[in-house]
Each structure stands twice: as structure tokens, then as C-alpha cells.
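Side chains included, hydrogens not; waters and symmetry mates left out as well; all remaining heavy atoms used.
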Amino acid sequence: MERSNVLPGIAEALRRMEAGQLRARELAEICLARMAARDAQVRAYAACDPARVRAQADEVDAGRRRGLLHGIPFAVKDVIQSADYPTTYGSAIYAGHRTGRDAACVALSREQGAVLMGKVVTSEFATQTPGPTRNPLNLAHTPGGSSSGSAAAVADGMAMVAWGTQTTGSITRPAIYCGVVGYKPSFGLVSTAGVGLLSPMQDTVGVLARDVGDAAATVLGIHGRRFESAPADSRYRLGICLSSQWRYASPRAVQALRSWVDRLASAGFAISERSLPADFEALIEDQGRLVAYDARHALAHERRADAGRLSARLTARMAGGEDIDLPSYMAMQRRAALARARAGMLFDDVDALVYPATDGEAEAGLENSGSPRYGALWTLLHLPTVALPVTRGPGGLPLGVQLVGRYGEDEDLLRIAEHAAARGGTIDG
């Protein structure tokens with residue numbers, strides 16, 4: 001039997017396992033070997049038990065666990081509970097904390113035959129204070145946050161896919177910084193049961209993966225559904241969505257987006273431009289204020305019982321919610337709800353929107369994980385997004401774009417994203 005130390009895509013891995021050409025144990029060993037070689041430098045994992053990983057893979061190979069994710073090694077962000085490992089939420093307050101249960105996305109992944117590699121690092125309570133993870137493409141740079149370990153583990157071959165969460169831009173940004181795909185589903189598509197929530201009306205569970213097909217296979221797989229690619233001759237309509245946030249994007253990031261869209265136009269995509277309506281612009285500021293208010297409530301126990309072990313950055317963020325009274329909070333929630341009901345207008349005459357994903361390349365240093373601003377509106381509106389790394393910047397690190405779809409039409413967005421990645425190119429192809 002031919003063996004390789006290169007991880008195949010999920011669809012290829014499943015095909016080869018079905019044909020008896022690959023075993024789940026081999027996939028697990030590739031990830032474990034990469035971990036042994038690199039994780040002391042990258043520091044993506046918060047916890048991993050190789051013996052436990054091998055035992056799961058052997059169960060799959062023995063036919064005791066099968067499903068649409070048969071044998072696929074996956075990792076889990078450390079705000080998502082797992083019965084096998086502690087869930088620390090990236091905070092010393094919860095060091096060694098065990099809940100004794102798997103979160104829904106973990107349990108469903110395992111039910112479909114996937115192999116849990118371990119827990120990966122998160123920023124403190126999935127906010128802005130980074131953990132120890134480094135960018136595997138350049139260890140002197142941030143991997144982004146808060147799904148930092150999820151992005152780094154996948155980018156460096158320590159897992160085939162990883163679950164993450166997004167409250168503002170915590171899947172989108174680390175995906176681009178580490179050169180992988182970040183898929184934030186429509187709000188509610190993946191259950192948040194067993195997830196440490198910061199802003200319950202915004203927090204979304206999604207995945208970091210090596211390509212769109214792997215991201216789609218994972219999220220659809222836990223629903224018992226296979227992903228079907230678009231026909232090769234598909235032609236889609238994309239709308240470049242202009243907003244005030246573009247002023248923060250570096251010229252290189254804007255150039256990367258424009259060049260990628262130009263390649264799609266040459267490949268037959270219909271490209272247009274539209275400006276974000278003013279009432280949607282106003283929601284961007286509301287999103288940050290809602291998070292501050294919600295975080296202060298979600299972490300009320302920790303504020304009262306363990307304030308000394310919360311970072312100054314998180315304390316300041318929660319303090320930003322102190323001057324928001326209940327009528328103001330509910331007014332923001334009403335505006336958000338009304339905007340969600342009207343969000344379909346953003347897609348008049350287009351199949352998906354194109355939007356920046358980051359200010360630019362991953363910043364040097366580990367003290368800051370970059371701005372999440374480009375995910376704020378789409379997270380608040382509950383819309384699905386796919387972040388794609390499309391080229392490299394002058395520093396050699398990825399630059400990318402974000403595709404935004406209609407609520408609940410995730411499979412359409414994933415097909416568009418996969419087709420666009422093939423026609424417009426990514427950093428790996």
C-alpha cells in the first residue's frame with residue numbers, strides 16, 4: 001500500500017478509504033507527526049493525547065464508527081466543549097476545567113466518524129487578548145484571532161479541518177492570515193450547544209479548512225449531507241460591496257481583491273459594484289457596542305469572582321458596555337432584526353457579494369491579532385461568509401477576499417466560492 005506524508009482533501013481521503021487504499025490511522029499519524037515536528041514552535045494545540053487519537057482512528061478502521069466524515073482528523077477551538085479534554089476558554093480561570101460533555105459540533109463530527117485530534121488555542125474567552133499561537137507561515141507574525149489555533153493547526157497540517165467560532169471576525173481574519181479557508185455559516189446552521197458564548201445573538205460556529213470543499217464537507221457532513229460542486233460551466237454574478245470600511249484596507253489588499261475579481265470577469269463571471277446603504281453602515285458601530293454589552297453580561301461571574309485574572313484588554317472591552325442602558329441595547333437589537341429582514345436587498349441582481357477580509361497581511365508580533373472589522377456587519381446580519389486567500393503580499397504572507405451570501409443559502413455560497421477559487425486562483429493554485 002502506497003503511503004504519503006501529505007494529507008489529501010476530505011473527498012479524496014474518503015474515496016481512498018472506501019477503496020481500501022488508506023486507513024484512518026494513517027491520516028491521524030500524519031497529523032501527529034506534524035504536531036511533533038512543529039507544534040513546539042507554532043503552539044496551535046492546547047491539549048492532545050496521541051494515544052486517544054490513535055484509539056479513535058483504530059475504531060474507525062475496525063468499522064465501529066462510520067459516516068460522512070469517516071476517519072477525518074479534526075481539531076476544536078478551546079471555547080468548544082469536549083468530553084476528552086479540558087475546556088479552558090483561553091483563560092487561567094478555567095485551567096484544567098472539564099465539562100464531561102462534547103459540544104454539539106464535536107459530538108456530531110464524531111457521530112459521522114471523524115477523529116478528534118485535540119483542543120486548539122483560542123484568545124481569552126474568544127475576545128482580543130491573544131493566546132500563544134504563532135503564524136505557521138512566519139512565526140514572528142500573528143495568526144489572527146480568536147480562532148488562532150484552529151487556523152494555525154490546519155495551515156500547518158496538524159489537522160485536516162478545525163471548528164472555530166466568530167463573534168465579529170474570528171474565523172475570517174485568521175483564515176486569511178494563515179492562508180486557509182474560513183467558512184462562517186448562516187447563524188444557527190451549526191448548533192452552539194456546548195460553546196462558551198460571548199454574544200448569543202451573534203456567536204456562530206464555523207470551520208477553518210484547507211479549501212472550500214473541505215469546509216463544506218465538514219459543515220454539511222454533520223447534517224448528514226454531501227457537498228455537490230457547481231457545474232464546470234457555471235457563471236455567477238458577483239457584486240463588489242463598497243463601504244466606509246474600505247478606507248482601512250491597505251492598497252495591496254484592495255489591489256489583491258480587484259485583481260482577483262478581474263480574473264473572474266475574464267473567466268465569465270458578471271461583476272458589478274454597489275455601495276452599502278447608509279442604514280446598514282450604521283449597524284457596524286452597533287455591532288461593537290452590542291458585543292461589549294453582551295460580553296459584560298456573559299462574563300458577569302468572572303468579572304465578580306475573578307476580575308484579577310481577566311486581561312486588561314478584556315476588562316476595558318467590557319467596560320465599554322457599562323454606559324449602554326437597556327433601552328439603547330434593545331434599540332440596537334431592533335435595528336439589527338429589521339436589517340436582517342431587509343438583507344435580501346443587498347443581493348438584488350447578484351448571487352454573492354465580494355468584500356475585504358483583512359486590512360492586509362498578518363501583523364508582525366504577537367501582542368495584537370489584527371482588526372476583525374470586516375466581519376462585523378455580516379456576523380450581525382447572520383449572513384454566511386467564505387474567506388479565501390488569493391495571493392501573497394509584499395511580505396510574503398497571504399492577502400484575501402470575503403464572499404458573502406444570502407441567509408440560509410449556504411450551499412449556494414459554497415458552490416460559488418469553490419468555483420471562484422478555481423477560476424480566480426488562490427495562494428495554492
Side-chain angles (χ1 to χ4, degrees), residues 7 31 33-48 75 77-78 90-92 117-124 126-159 162 164 166 168-182 208-210 248-257 311-314 356-375 387-402 426-428:
L7 289 167
C31 294
R34 188 64 177 173
M35 233 185 287
R38 286 276 290 171
D39 202 42
Q41 293 78 43
V42 177
R43 302 183 71 182
Y45 274 83
C48 171
K77 182 177 179 178
D78 196 23
S91 171
M117 296 298 300
K119 303 297 286 294
V120 283
V121 171
T122 177
S123 302
E124 178 192 29
T127 59
Q128 297 170 330
T129 303
T133 304
R134 299 170 179 269
N135 192 317
L137 304 179
N138 186 325
L139 297 175
H141 288 246
T142 177
S146 61
S147 301
S148 51
S150 301
V154 171
D156 215 46
M158 302 179 201
Q166 179 157 307
T168 303
S170 294
I171 290 173
T172 299
R173 185 170 75 268
I176 300 303
Y177 279 5
C178 293
V180 298
V181 167
L208 289 296
R210 292 167 303 158
Y248 298 105
S250 70
R252 292 282 190 162
V254 173
Q255 179 185 10
L257 183 152
S311 70
R313 186 177 300 178
L314 177 54
T358 64
D359 287 345
E361 296 175 71
E363 290 90 339
L366 303 176
E367 292 302 312
N368 296 295
S369 59
S371 172
R373 62 171 57 91
Y374 303 102
L388 300 169
V390 299
T391 190
R392 295 188 187 275
L397 293 173
L399 295 169
V401 302
Q402 185 176 188
T426 65
I427 60 170
D428 294 318

Side chain to side chain contact (heavy atoms under 4.5 Å, CB included) partners for [X], two or more places apart:
X: Pro394; value: Arg252, Glu361
X: Ala387; value: Thr172, Ala175, Ile176
X: Ala362; value: Asn135, His141, Thr142, Tyr177, Leu397
X: Ser146; value: Lys77, Thr122, Ser123, Ala126, Ser170

Mind checking what makes side-chain hydrogen bond (donor to acceptor under 3.5 Å, both in side chains) contact with Thr127, not counting sequence neighbours?
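Here no residue qualifies.
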
side-chain hydrogen bond (donor to acceptor under 3.5 Å, both in side chains) partners for Asn368, two or more places apart
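Here the qualifying residues are Arg313.
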
Out of curiosity, Leu257 CG to Gln255 CD, how far, rounded to the nearest 0.5 Å?
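Interatomic distance, Leu257 CG to Gln255 CD, rounded to 0.5 Å: 11.0 Å.
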
Pairwise distance CZ(Arg173) to OG1(Thr358) - rounded to 0.5 angstrom
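These two atoms lie 9.0 Å from each other.
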
Under the side-chain contact (heavy atoms from CB on, under 4.5 Å) criterion, do Leu7 and Cys31 qualify, and how do the steps go?
CA-CA 8 Å; Leu7 289 167; Cys31 294; 3.9 Å; yes

Can you give me the closest heavy-atom contact between [X] and [Y], atom names plus distance?
X: Ala44; Y: Ala153; value: CB-N, 3.8 Å
X: Met158; Y: Tyr45; value: O-OH, 2.9 Å
X: Leu208; Y: Gly182; value: CD1-CA, 4.0 Å
X: Pro174; Y: Gly169; value: CD-O, 3.8 Å
X: Val121; Y: Gly131; value: CG1-CA, 4.0 Å
X: Gln128; Y: Pro130; value: O-CD, 3.2 Å

Does the pair Val42 and Leu139 meet the rule for a side-chain contact (heavy atoms from CB on, under 4.5 Å), with working shown?
CA-CA 7 Å; Val42 177; Leu139 297 175; 4.0 Å; yes

Would you indicate whether the side-chain heavy atoms of Leu388 and Val181 approach each other to under 4.5 Å?
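Answer yes - side chains close enough.
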
Using side-chain heavy atoms (C-beta onward) and a distance below 4.5 Å, is Pro143 in contact with Cys178?
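Yes, their side chains come closer than 4.5 Å.
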
Test salt bridge (charged side-chain N to carboxylate O under 4.0 Å, His left out) applied to Asp359 - qualifying residues, sequence neighbours left out:
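If we apply the salt bridge (charged side-chain N to carboxylate O under 4.0 Å, His left out) test to Asp359, skipping adjacent residues, the hits are Arg373.
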
Return each pair, listed once, that meets salt bridge (Lys or Arg N to Asp or Glu O under 4.0 Å) where at least one residue sits in residues 132-156; pairs must be two or more places apart or across chains.
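The answer is Arg34-Asp156, Arg38-Asp156.
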
